[in-house]
Amino acid sequence: MTDLSLYRNIGIFAHVDAGKTTTTERILKLTGKIHKLGEVHDGAATTDFMVQEQERGITIQSAATTCFWKGHRFNVIDTPGHVDFTIEVYRSLKVLDGGIGVFCGSGGVEPQSETNWRYANESRVARLIYVNKLDRLGADFYRVVNQVKTVLGAKPLVMVLPIGIESDFKGIVDLLERKAYIWDDSGIPENFTVSDVPEDMKEQVEKYRAELIETAVEQDDAIMEKYLEGNEPTIEEIKKCVRKGTINLSFFPTFCGSSFKNKGVQKVLDGVVDYLPNPTEVPPQPIVDLEGNETGEYAIVDPDGPFRALAFKIMDDRFGALTFTRIYSGRLKKGDAVLNTATGKTERIGRMVEMHANDRNMIEEAQAGDIIALVGLKDVRTGHTLCDEKNPGTLEPMVFPDPVISIAVAAKDKGSTEKMSNAIGKMVAEDPSFRVEVDEESGETILKGMGELHLDIKIDILKRTYGVEVIVGEPQVAYRESITQAVSDSYTHKKQSGGSGQYAKIDYTIEPQEKGTGFVFESKIVGGSVPKEFIPAVEKGFKSMLDKGPLCGFPVVDFKVTLTDGAFHAVDSSQIAFEIAAKAAYRQTMPKAAPELLEPIMKVDVFVPEDHVGDVIGDLNRRRGMVQGQESGATNVRIKAEVPLSEMFGYIGDLRSMTSGRGQFSMEFSHYSPCPRQIVEKVKEQVKAREAAKK
């Protein structure tokens, strides 16, 4: 088996269009994994193998591939950049040991790069920074390095400097070696010469080299002492310090180049080998109990330890369901039986494959540190732990955000209904941020997702991958309701009509809570005015009503019910009686507590050419948006705003027509906020119209 110190599990993440997939293509070509380069804009990139990806030129799902560089095994995951698919980035980062953050040389640190960087910080993943597209108009390596400091609050450690810029970009200077790598114009990555540093760059190279060494030696007291006495450390010693600082996130080694022109990618690969951690150098994953609390144990990366693996992605293809799995400890052989701690069921491992985008190589066994795909597991979902039956342990699960937008879909004809529900079932298993429910009254199927593009792609997959023609309703916003005043009230439920009666009386207070607290129930009953065994029934009654808000029937959040007193009857009281009382109490009191409608507010980032800024800001204001600031970039202006989701439908079309097709935007959910009165009235009317249509 491979020595673990020669493993690198890395992800490539960045904003849309910074060149992640192109960079991945170059890595595969350089490592001999592919012989012909595929380009994203031709729809031929290896890792963009979905039809939807090839058409739109964006990555939608993370693709995994394995390759070798200088005797090291890389498991590479190319992640999507678009904000509607950040869930893919989040779950990939969860199982990776290191990453390469790609930034566009002219676009710099874009909104999506910020989100991904935040995720990587939360997952504590060591990263290299790669400033790509230095051959583009408006590219500026030093500006991007500065943005990494100011916008991301991170510490870039510059390892190479560019020679020339924009159309004159020729190559890079390696600061440690003091050598210039210059590529010719053939576009062949191997065609470069190594020479001395150009005269006009010597001063700059020495300045950056001194900074590099000063920052690096802080990681090792002995080397630092030697340096302060005037002895320059060896390149090996400096690399050792840089590696240590990268792994403990003190700084991020920063490289540059142009992936498309095949310049500079080799140095990034060397950086992965030299500075990113192998699986044993990363803090081990905590083991949790079934409630999700840490037990104090860890899954130490060790092939001889008990088997522990995390399923981080499910993908359905023509060969059946593939479960992408990261093995944290132990070994796995074909034919082994493993326990899924989430379901308590045992699964037998049939086929195991090593992935190369959507090609697969059969393997007989795998070990700690590997990222592989298992074929044909039945009940495994994203975030489930697979482990040794005799020595079980659960890995920390993944947390996924709630969807903010929904649409109703129906199959075009009766015959497709079953086909549609099977297809949707598979899609839900693949993407935890995509949810489905059936409206009980109308029988409509409601799809819920993270944004318009997210649902748009899902409908496209239904039509093309699964061949299901669907009728799509208007997009609906996931409103919430809450209350603003505390009300104390009382309700008595009495029923006497032949046979045993029903009796329950409750006194209670309903009051608003802090944002994000959800529903809280507390009992302050003393002296048994409501017997202990009936109190859970009261809570259950209130809980069952949470989905039906008093204003428009949306789910209610952030309120507390305190049971203060009550009365019961020795014969006629029962759990059912108290549950019915609680439901009626909810209907009676919630309208008195000054209910309000909450709408999802989105964090919107718009990039527009300077001459269109006024129009775009005016338009955002008309959409009830709050502009929070604007920054001028090299080629355009970035406007940051918060806008209600309900006002953002179809925005991309309007933005394109306002900016002659040059504007771009991305948005992600920020928070819920109260709606103005006229909007509440409008929503009430829409709800009424929908109810009428169902009848």
Atom of [X], atom of [Y] and distance for their closest heavy-atom approach:
X	Y	answer
S482	D558	OG-O, 3.7 Å
R136	S106	NE-OG, 4.0 Å
P156	T254	CB-OG1, 3.3 Å
G164	F169	O-CD1, 3.6 Å
I172	G264	CD1-CA, 4.1 Å
V144	G105	CG2-O, 3.5 Å

Within the 4.5 Å heavy-atom criterion, are [X] and [Y] side-chain neighbours or not?
X	Y	answer
L620	V643	yes
C552	E481	yes
I12	V102	yes
S646	Y479	yes
F519	V556	no
Y142	L161	yes
V608	I639	yes
V637	E631	no

From [atom1] ([X]) to [atom2] ([Y]), nearest 0.5 Å:
X	Y	atom1	atom2	value
R622	D619	CZ	CG	5.0 Å
F559	F542	CZ	CZ	7.5 Å
I247	D97	CD1	CG	10.0 Å
I459	L447	CD1	CG	5.0 Å
F255	I129	CZ	CD1	10.5 Å
N9	L276	CG	CG	10.5 Å

* Given side-chain contact (heavy atoms from CB on, under 4.5 Å), test I163 with D168 step by step and report yes or no. => CA-CA 8 Å; I163 302 171; D168 298 329; over 6 Å; no
* To do: Report yes or no: does H612 contribute a side-chain atom to a donor-acceptor pair with the main-chain N or O of M658 at less than 3.5 Å?
  => yes
* Is it true that a side-chain atom of Y586 and a backbone atom of K548 form a donor plus acceptor pair closer than 3.5 Å? -> yes
* Could you tell me whether D654 and R623 make a salt bridge, using a distance below 4.0 angstrom between a side-chain N and a carboxylate O? => yes
* To do: Identify whether the distance between the nearest side-chain nitrogen and carboxylate oxygen of E599 and R624 falls below 4.0 Å.
  => yes
* To do: Evaluate the criterion side-chain contact (heavy atoms from CB on, under 4.5 Å) for residue pair I510 and I483; output intermediate values, then yes/no.
  => CA-CA 9 Å; I510 290 183; I483 55 170; 3.3 Å; yes
* Asked: Passes side-chain contact (heavy atoms from CB on, under 4.5 Å), I471 versus V409? Steps please.
  -> CA-CA 6 Å; I471 303 160; V409 293; over 6 Å; no
Counting only heavy atoms from other residues, nucleotides and ligands, does the tally under 6.0 Å from [atom1] of [X] exceed 12?
X	atom1	answer
K592	NZ	yes
K560	NZ	yes
E514	CD	no
K448	NZ	no
K682	NZ	no

* Output all residues satisfying ring-ring contact (aromatic ring centres under 6.0 Å, His included) with F252, sequence neighbours left out; order by chain, then residue number. => W117
* To do: Would you sort out whether F103 and Y130 count as a ring pair (Phe, Tyr, Trp, His ring centres under 6.0 Å), showing the intermediate values?
  => CA-CA 6 Å; F103 297 100; Y130 171 53; 9.9 Å; no
* Which residues pass the side-chain contact (heavy atoms from CB on, under 4.5 Å) test with E166, sequence neighbours left out? -> L137
* **Sole candidate of L598, D547, V683 that passes side chain to side chain contact (heavy atoms under 4.5 Å, CB included) when paired with F554** => V683
* To do: Give every residue pair that meets the salt bridge (charged side-chain N to carboxylate O under 4.0 Å, His left out) criterion with at least one member in residues 253-263, sequence neighbours excluded.
  => D135-K261, D185-K263
* Check the side chains of R127 and N121 for a donor-acceptor pair under 3.5 angstrom, ignoring hydrogens and angles. => yes
* Using the side-chain contact (heavy atoms from CB on, under 4.5 Å) rule, take V160 and L175 through it: C-alpha gap first, then chi angles, then the decisive distance, then the call. => CA-CA 5 Å; V160 300; L175 293 178; 5.7 Å; no
* Asked: After noting the C-alpha distance and the side-chain angles of D460 and K463, does the key distance pass the salt bridge (charged side-chain N to carboxylate O under 4.0 Å, His left out) rule?
  -> CA-CA 5 Å; D460 204 33; K463 284 181 180 163; over 6 Å; no
